[in-house]
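Below is a structure I'd like to ask you about.
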Amino acid sequence: MADKKKVVFMQLSSCWGCHQSLFDLHEKLLDVIPLLDIQYWVAAVDFKLDHLEKLPKGSLDAAFVEGLCRTEEDVHLLRLCREKAKALVALGTCSTFGGVPGLANLSTRSELLDRKFIKADTVVNRDTIPSQNLPTITKFIPRNDQIVKVDAYLPGCPPTSTEIANAALSLLTGKPLEHSIKSVCDECERKKEEKNIKEFHRDFEGRPDPEKCLLNQGYICMGPGTRAGCGAQCPNANHPCKGCNGPPDGVTDQGARLIGTFGGIADMEPKKMLAAFKDPVGQLYKFTYASSLISKIRSGSKSER
Ligand code: SF4
Ligand code: SF4
Ligand code: SF4
């Protein structure tokens, strides 16, 4: 046990998909598990929180954290991980950039509660917003690294099983985790031509040529503004990249980068271009809204939050 690395795997508010991706390693997990002395992993073992709370400060080698801070309990768990672990790893795009749940920053807390408990089509009793036994929700969703220091990031929604295994092995054997300045386009093998797009298409319109760059064909592919690492798996499946890895290192705002890219290659009137983006925030900031410049401005300005 002495040589094993003490680790925790934590879920904050999340869909647990990143852990599912980890479990998808199946028998390859056997390469990783023997290296670990797992101290907390509620997705797999019935650990109690006080076990984690009682661990000495800095006694863990690494904490792998999935999810984001939507509740005050999440904030407590994230701070615990930081206090106990020498290295904190953001596992997945929610943990790195805020992910899809970060789109909640478009609304105030009362708007969200109203939607959830009064307005959603599936709600039966529409009179009340429960006030008892609800977790305290945070005013807005911050990036995890706005709350604690994060040592390494492994974005992806979810990261592939291989990426998780390689990152874990690398970290646990003392090698630094490499950050990519490459984009999905760099690992996409489709034929790229000079882009001079006359028309954008929705994903379901027409049938894209399986060999040519999707953006060349007018499909809104986020590859140019998205971090490499997944092996361009969506374009390989004839589907535009949706941007789930977030921006490459060095790019602070994925949506802003892509607005510039699309504007530079579209040969059309701005009005026509705008019409092609039916849901601009959902398309350009689906995974990174909580990290975006506009979210920061809005989070600071909505006093009612
Ligand atoms: S990054 Fe994606 S898969 Fe992972 S928890 Fe968030 S939503 Fe789920
Ligand atoms: S299909 Fe998408 S990812 Fe591939 S080269 Fe074109 S824009 Fe880049
Ligand atoms: S191609 Fe884009 S959307 Fe698909 S997995 Fe890779 S980064 Fe995510």
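In each ligand, atom 1 is the first atom listed, and ligand 1 is the first ligand listed.
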Legend entry - Protein residue, atom and distance nearest to atom 6 (Fe) of ligand 2, heavy-atom basis: Cys213 SG, 2.4 Å
Inset, instruction - Assign the ring pair Tyr289 / Tyr285 to parallel, tilted or perpendicular, where the plane angle (0 to 90°) is split at 30° and 60°. - result: perpendicular
Inset, instruction - Please verify whether a non-hydrogen atom of Val100 lies at under 4.0 Å from ligand 1. - result: no
Inset, instruction - Could you check whether the rings of Tyr219 and His201 sit parallel, tilted or perpendicular, using 30° and 60° as the cut-offs? - result: tilted
Legend entry - Proximal atoms of ligand 1 relative to Gly17 (non-hydrogen, under 4.0 Å): 3 (S), 8 (Fe)
Legend entry - Donor + acceptor pair across side chains of Glu163, Thr160 (<3.5 Å):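 Per modelled atom types, Glu163 and Thr160 side chains form a pair under 3.5 Å.
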Inset, instruction - Please identify which atoms of ligand 1 are closer than 4.0 Å to at least one heavy atom of Thr93. - result: 1 (S)
Legend entry - Residue part near ligand 1, for Glu66, under 4.0 Å between non-hydrogen atoms: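 The side chain, only.
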Legend entry - ligand 2 atoms in contact with Arg190 (distance to a heavy atom under 4.0 Å):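 Ligand 2 atoms under the 4.0 Å threshold to Arg190: 1 (S).
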Legend entry - side chain to side chain donor-acceptor pair (under 3.5 Å) contacts in which one or both residues fall within residues 71-88, not counting sequence neighbours: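 Every pair satisfying side chain to side chain donor-acceptor pair (under 3.5 Å) with a residue in residues 71-88: Ser13-Asp74, Glu53-His76, Thr71-Asp74, Arg82-Asp151.
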Legend entry - Nearest-0.5 Å distance that lies between atom OG in Ser161 and atom CG in Leu25: 4.5 Å
Inset, instruction - Measure the spacing between CG of Leu113 and OG1 of Thr128 and express it to the nearest 0.5 Å. - result: 12.0 Å
Inset, instruction - Give the numbers and elements of all ligand 1 atoms closer than 4.0 Å to a heavy atom of Pro158. - result: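 Numbered from 1, ligand 1 contributes 3 (S).
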Legend entry - Leu134 atom CG: more than 12 heavy-atom contacts under 6.0 Å: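 Yes, CG of Leu134 has more than 12 neighbouring heavy atoms, counting only those of other groups under 6.0 Å.
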Legend entry - Nearest protein heavy atom with distance in Å, relative to atom 2 (Fe) of ligand 2: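 Going atom by atom, the protein heavy atom closest to atom 2 (Fe) of ligand 2 ends up being Cys221 SG, 2.4 Å.
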Inset, instruction - List the closest protein heavy-atom neighbour of atom 4 (Fe) of ligand 2: residue, atom name, distance to the nearest 0.1 Å. - result: Cys188 SG, 2.4 Å
Inset, instruction - Would you mind running through ligand 1 and noting each atom that sits below 4.0 Å from a heavy atom of Ser14? - result: 5 (S)
Legend entry - Cut-off under 2.8 Å, centre atom 2 (Fe) of ligand 3, protein N/O/S atoms: Cys241 SG
Legend entry - Side-chain H-bond candidate by donor/acceptor type, Ser14 with Glu66, under 3.5 Å: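 Yes - a donor-acceptor pair under 3.5 Å links their side chains.
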Inset, instruction - Not counting sequence neighbours, which residues clear salt bridge (Lys or Arg N to Asp or Glu O under 4.0 Å) with Asp267? List them please. - result: Lys198
Inset, instruction - Take every heavy atom of Pro101, measure it against each atom of ligand 1, and state whether any distance is under 4.0 Å. - result: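 Outside the 4.0 Å threshold, so no.
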Legend entry - All salt bridge (Lys or Arg N to Asp or Glu O under 4.0 Å) counterparts of Lys48, not counting sequence neighbours: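 Applying salt bridge (Lys or Arg N to Asp or Glu O under 4.0 Å) to Lys48 gives Asp46.
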Legend entry - Which of the ligand 2 atoms, numbered from 1, are nearer than 4.0 Å to a heavy atom of Leu215: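 Selected atoms, number and element: 7 (S).
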Inset, instruction - Would you tell me which option among Cys15, Ser13, Gly67 has the nearest heavy-atom contact to atom 8 (Fe) of ligand 1? - result: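 The residue whose heavy atom sits nearest atom 8 (Fe) of ligand 1 is Cys15.
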Inset, instruction - Please round to the nearest 0.5 Å and tell me the distance separating atom NZ of Lys182 and atom CG of Asp249. - result: 13.0 Å
Legend entry - Ring centres under 6.0 angstrom apart (Phe200, Phe277): yes
Legend entry - Side-chain donor-acceptor pair present, Gln146, Asn144, cut-off under 3.5 Å: no
Legend entry - For atom 7 (S) of ligand 1, the option (of Gly156, Gly246, Cys94, Gly99) bearing the nearest heavy atom: Cys94
Inset, instruction - For this output row, return yes or no: ring centroids of Phe23 and Trp41 closer than 6.0 angstrom. - result: yes
Legend entry - Closest to atom 5 (S) of ligand 2 among Lys192, His239, Lys212 (heavy-atom distance):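 Among Lys192, His239, Lys212, the closest heavy atom to atom 5 (S) of ligand 2 belongs to Lys192.
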Legend entry - Top protein contact for atom 1 (S) of ligand 2, by heavy-atom distance: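 Residue, atom and distance for the closest contact: Leu214 N, 3.2 Å.
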